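Remarks on the structure that follows.
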There are 2 protein chains.
Amino acid sequence: MDGVPVLPLSVLEDGSRTWDRGRRRFGELIREHAHREPSAGGDQGDIVEILFPELVHMWGAEILRGVERVARENRVGVVFSELGFDRATAVYLDDSGGQRGQDVLSVTFLREGQREQLRAQGIPFVVFDPAEELAEDVPFVSATHWKGARAAVGHLADLGHRRIGMISGPDHSFCVARVAGYTSALQEAGLGREPDLFLRTELTREDGYAAARELLSRPDRPTAVFTASDMQAIGLYQAARELGLSIPRDLSVASFDDLPVAAWMDPPLTTVRQPLTAMARAAAELALALGSGEDVPQTRLDIATSLVVRDSTAPPAS
Amino acid sequence: MDGVPVLPLSVLEDGSRTWDRGRRRFGELIREHAHREPSAGGDQGDIVEILFPELVHMWGAEILRGVERVARENRVGVVFSELGFDRATAVYLDDSGGQRGQDVLSVTFLREGQREQLRAQGIPFVVFDPAEELAEDVPFVSATHWKGARAAVGHLADLGHRRIGMISGPDHSFCVARVAGYTSALQEAGLGREPDLFLRTELTREDGYAAARELLSRPDRPTAVFTASDMQAIGLYQAARELGLSIPRDLSVASFDDLPVAAWMDPPLTTVRQPLTAMARAAAELALALGSGEDVPQTRLDIATSLVVRDSTAPPAS
């Protein structure tokens, strides 16, 4: 891969400590980077670019904020582009990528074919929260999806729930990890995974609603549900209301994301916090470190999630 | 004002038609702008910058998206910066503003002292949805706050409500306009404005909650409330639930913003749509037109709002 050091795979298990270690290490690199004289001229063109397939309102601002803060600390600019999900190639790359060349670092959601274009131009990049399995030499920043899901479902089991359903998302790698965390927590609690209590759909509110209508209409409905996204949980709340089920009295709900809206729901939603701003900071720091040509020890980072317990979970009605 | 043509005040009354007229006019300028050869070299540095005091998650992405789309159409980059509310001066300007100079166009939330720095460096700028009254030579893009509020409160009056309260925000110019729209609609409906039904607070959920607790606990509580922001309405919903008031059976609620969350509330919220992406597009086009040195006829634009009627408003209980 042109311009990017190829480094060994190191998806570490303890996201929190990885992050701390990673921060210290990148911090050293970044300080060195920052010591360049900002008015020296030649370095002024440095830019961190964020390529979004689509700027999703609930996530975009937190991610941009993290990248912007690292960029400001390092006196480089932030450029962002929205490509549209249906574009075969990046407009940015076609139009002017070659001209910006080595000055550009990219925090990207691009898929393989598009990443190939970045490589061909020697533009270092970091993949943000990848949805697919990546080759071992592709730098990324993700979150501890498996551990987060395991903590949420473990919390439900600890409350005494025995019939714990899950509404999952598509086969993105982070959804696969969340499903595995659900299954692990069930096993640790001595519970088997019941196929009838597991539904797979899209991560949207509408699909969460439809899946919840199906799941909660069964005579043997679960007493608790783990959803793979807060948007699904919003849909599930609506379905529960329509079916006359009170949360958490009749049904406990735990979710994944901790979007701002989670705290505003009625009742406030227990959910796994995905630290988007911290992830974006890490991705920007990693991009800068790669761009400076340093030998970066960790190019594949999982940032720690944390369970935020609010009012949507309680022991099952006896 | 250096680098920015000084043009006559033209806050037009019909936001919609202003926008259409503005778009056509700017469209001509933009096409001319776009005809420059993108690979010609000298123009490649052109950048539209967005300066946020703080990147607010509920608003930021929609605004960024609008600016990005115009920039892409015109083959200029988008750079954004977050300054922090408490900074006396813009880091960006101190560090490198002078170096970027004429290439930078700014869509900005900066206040007067900071705008003065942009002027001093000859950087054309457009103020986005200004919170204060601006001098006549300052270009801005805002929304039809007065008309939007009048439409929302008129809708409540048309439903038969006679005791219509308002929870307003601070003395920002757009809040002043929303309060004036509320008062106008009451007058048109033959209703007086009752001081007891009007509360002024911050635009947050927490402040909306506190104000609603006060307003709805009165023995002569209103049958309908207009809030100056969707976040206030979320707080009001919580207060209504705690007081055992059902929306819309016991209380109608209309609001202002149409953030995505408005459609997810229970019941979905009737609110005035503030077209942030369209406003951002207009601001970016205006900044590009000013940057091209053209004589721009409209530099002060109000983009049209629209009332989105959902399920939180109904006739008062008889």
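Lettering of chains follows the sequences in order, A, B, ..., and the numbering in each one begins at 1. None of these values were measured; they are calculated from a predicted model.
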Side chains of B:L64 and A:L64: does their closest heavy-atom pair fall under 4.5 Å?
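SC-SC contact between B:L64 and A:L64 confirmed.
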Got a second to check how far B:I234's CD1 is from A:M265's CE, nearest 0.5 Å?
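B:I234 CD1 to A:M265 CE: 11.5 Å, rounded to 0.5 Å.
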To the nearest 0.5 Å, what is the distance between CH2 on A:W264 and CD on B:Q238?
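So the CH2 of A:W264 and the CD of B:Q238 are separated by 12.5 Å.
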